[in-house]
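Inspection log for the structure reproduced underneath, given as structure tokens.
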Protein chains: 2
Amino acid sequence: MFTIGEFSRITGLSIKALRLYHDRELLVPAQTDPASGYRIYSDADVERAKVIRTLRDLEFGLDDIQAMLTDYDDDASLVSFLEARQQEITLRRTHLKHISRELTHIIQQEKEIAMTLQSNEFDVETKTLNTELIASIRFQGKYSDVGPYFGRIARNFGRYLCGKPLCLYHDGEFKAEDADIEVGFPIRQGQSKDGVTVSELPGGKAVTLIHKGPYDTLSASYQKIFAYTQQNKLQTLIPSREVYLKGPGMILKGNPQNYLTEIQVLVKE
Amino acid sequence: MFTIGEFSRITGLSIKALRLYHDRELLVPAQTDPASGYRIYSDADVERAKVIRTLRDLEFGLDDIQAMLTDYDDDASLVSFLEARQQEITLRRTHLKHISRELTHIIQQEKEIAMTLQSNEFDVETKTLNTELIASIRFQGKYSDVGPYFGRIARNFGRYLCGKPLCLYHDGEFKAEDADIEVGFPIRQGQSKDGVTVSELPGGKAVTLIHKGPYDTLSASYQKIFAYTQQNKLQTLIPSREVYLKGPGMILKGNPQNYLTEIQVLVKE
DNA sequence: CTTGACCCTCCCCTTGGGGCAGCGTTTATC
DNA sequence: GATAAACGCTGCCCCAAGGGGAGGGTCAAG
């Protein structure tokens, strides 16, 4: 016969838990001293407590445990309970897996951006771009209309995205109203569908500059780029490209002063 | 401007949740009609609500979300939060994985037993046993001492177990007190360690009988077996074996009347 | 007799809302 | 203008499985 403290140490169940189980009639001590109210547990109670602990470790609810202990005396009859629990846990696990993947994705994105921020001095550079596979939508409209198009591509190709969103400007001049804009994402693979075109974006020699700040100050960076191309007698090609290295985040909108946009202009070699 | 009901439909957050977030000052509506107390939400509130929803979908707590929205305006600064959450989720996932494995194990065991129960008529049979790799402990003592030895083997070889527990009786006669008993489990692989010996249990022609009932009635089944061997002029070998197909379950003790024990006695061929 | 360890009951707290009662407001319809 | 349906408000209790603590009784040793 054990006091509740001893019993707690034996079974690994907290005193609070034991009192709760007594209340719920899940584990009623063999005796209760009527005078003092002290609970006195027996060896048989130890057995039952161990069973309860096992089931709690499997994260069954107290009500389930109650039912299992009341109605059954054999593991075989518990199989349906176990299978139900198994299924719940599987569901929960896949859900957590999704969350985990999502988090990993966001974290990785942010880390890449942090590296770009550190390593770059935001000067005009000349580099060779690789040909990329992109999923894109081309439309006529205003720049501010791009949001939903990005959303549509992301929904259709979410699993295959492998880079930052970008815009191609097919006009040779600036147009506020009726611009010929193509929005897209680099993807690993995929087929055109639902109005989204999968195509190869050709690479080549390009003059690039990373612009830091809100989108409405991009023109200053364009000026730098074109100053550079003229100075170096480079002939620019259209479409020009903007790669949105860091814009509004996955969660927060962020400070536009910290947005990073790489402007890429292909030039004749 | 939206009423709480409209806002709820827009954001996918329940009215109850919205009122709670207001209480907690996590999402305070743009205005509150002083006369009626009606909450009136703005477009800016929609943005904030979406952020909150995203974070809730990642199963952040309201307090965490509060902190994230109060102190930061950029995803980059959330990375430490995200990583902490990531780690919690990983922990939780591995825990659930353990539970899931445990459940699968129990369920599978019980299903095997259920099949044995259906397909067998509990008659004396002659069959050929395969050689098995077992992890075992041999000791001198009483039958009732076996429990802890099984526990020790299971702890050391838990991952490699691939069959039912068994006992080998090395005495040629019945001994109550100082029997020479070897307890073991079939395993897939492993090395001797911590007093547990890994060895090959030789197979061969055997006379077997599945005994149904508590262990103290095993003698009746032994009697049947030896009656059979004598009748068929078979010479029995020691050690004899008991394989505990169904004993006390992983969770419940079960009804001893339903215990199943296969007695195996090798015979000379 | 005291002291410290142990035990009791009772109440509040946790998370993220759900449900309901009781009452007020808005809006459309008659 | 009246009325009813739909919508909104606050306030209270509820969930699971205990944890924390207050206030008070009990037990064993010194």
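Every chain is numbered from 1 and lettered A, B, ... according to where its sequence line falls, protein lines coming before strand lines. Bear in mind that the values here come from a model prediction, so they are computed numbers and not experimental data.
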| Ser14(A) side-chain N/O to dG18(D) phosphate OP1/OP2 under 4.0 Å | no
| note | When rounded to whole Å, the CG to P distance for the pair Asp64(B) and dT15(C) reads 11 Å
| Donor on one side chain, acceptor on other, Asp57(B) and Thr54(B), under 3.5 Å | no
| query | How about Gln109(A) and His105(A): does a side-chain donor come under 3.5 Å of a side-chain acceptor? | reply | yes
| note | Taking for Ala35(B) and for Leu62(B) the nucleotide of DNA chain C with the nearest heavy atom, the one nearer the 5' end belongs to Leu62(B)
| message | Would you say CD of Gln140(A) has more than 12 non-hydrogen atoms from neighbouring residues, nucleotides or ligands within 6.0 angstrom? | response | yes
| Will you find, in the side chains of Ser42(B) and Asp45(B), an N or O donor that is under 3.5 Å from an N or O acceptor? | yes
| message | Just the rounded figure in Å: distance from C1' of dG18(D) to CZ of Arg24(A). | response | 9 Å
| Minimum-distance nucleotide to Tyr21(A) side chain [options: dG19(D), dT15(C), dG18(D)] | dG18(D)
| query | Near Lys212(A) NZ, under 6.0 Å, is it more than 12 heavy atoms from other residues, nucleotides or ligands? | reply | yes
| task | Round to a whole Å and report the spacing from CG of Asp23(B) to C1' of dG16(C). | result | 12 Å
| Among residues 47-59 of chain A, which residues get a heavy atom nearer than 4.0 Å to DNA chain C? | none
| request: Mark up nucleotides 2-14 of chain D, 5' to 3', with B wherever a protein heavy atom is under 4.0 angstrom from a base atom, S wherever such an atom reaches only the sugar-phosphate, and - elsewhere. | output: -----BSSBB---
| task | For the residue pair Tyr41(A) and Phe7(A), categorise the inter-ring angle as parallel (less than 30°), tilted (30 to 60°) or perpendicular (more than 60°). | result | parallel
| Test: Arg92(B) and Glu59(A) ion pair at under 4.0 Å | yes
| Which residues share a salt bridge (charged side-chain N to carboxylate O under 4.0 Å, His left out) with Lys253(A), sequence neighbours left out | none
| Pairing of Lys164(A) and Glu242(A) as salt bridge, 4.0 angstrom limit | no
| query | Rounded to the nearest Å, what distance is computed from the CG atom of residue Leu18(A) to the P atom of nucleotide dG19(D)? | reply | 10 Å
| query | Which whole-number value in Å describes the distance from Asp33(A) CG to dC8(C) P? | reply | 10 Å
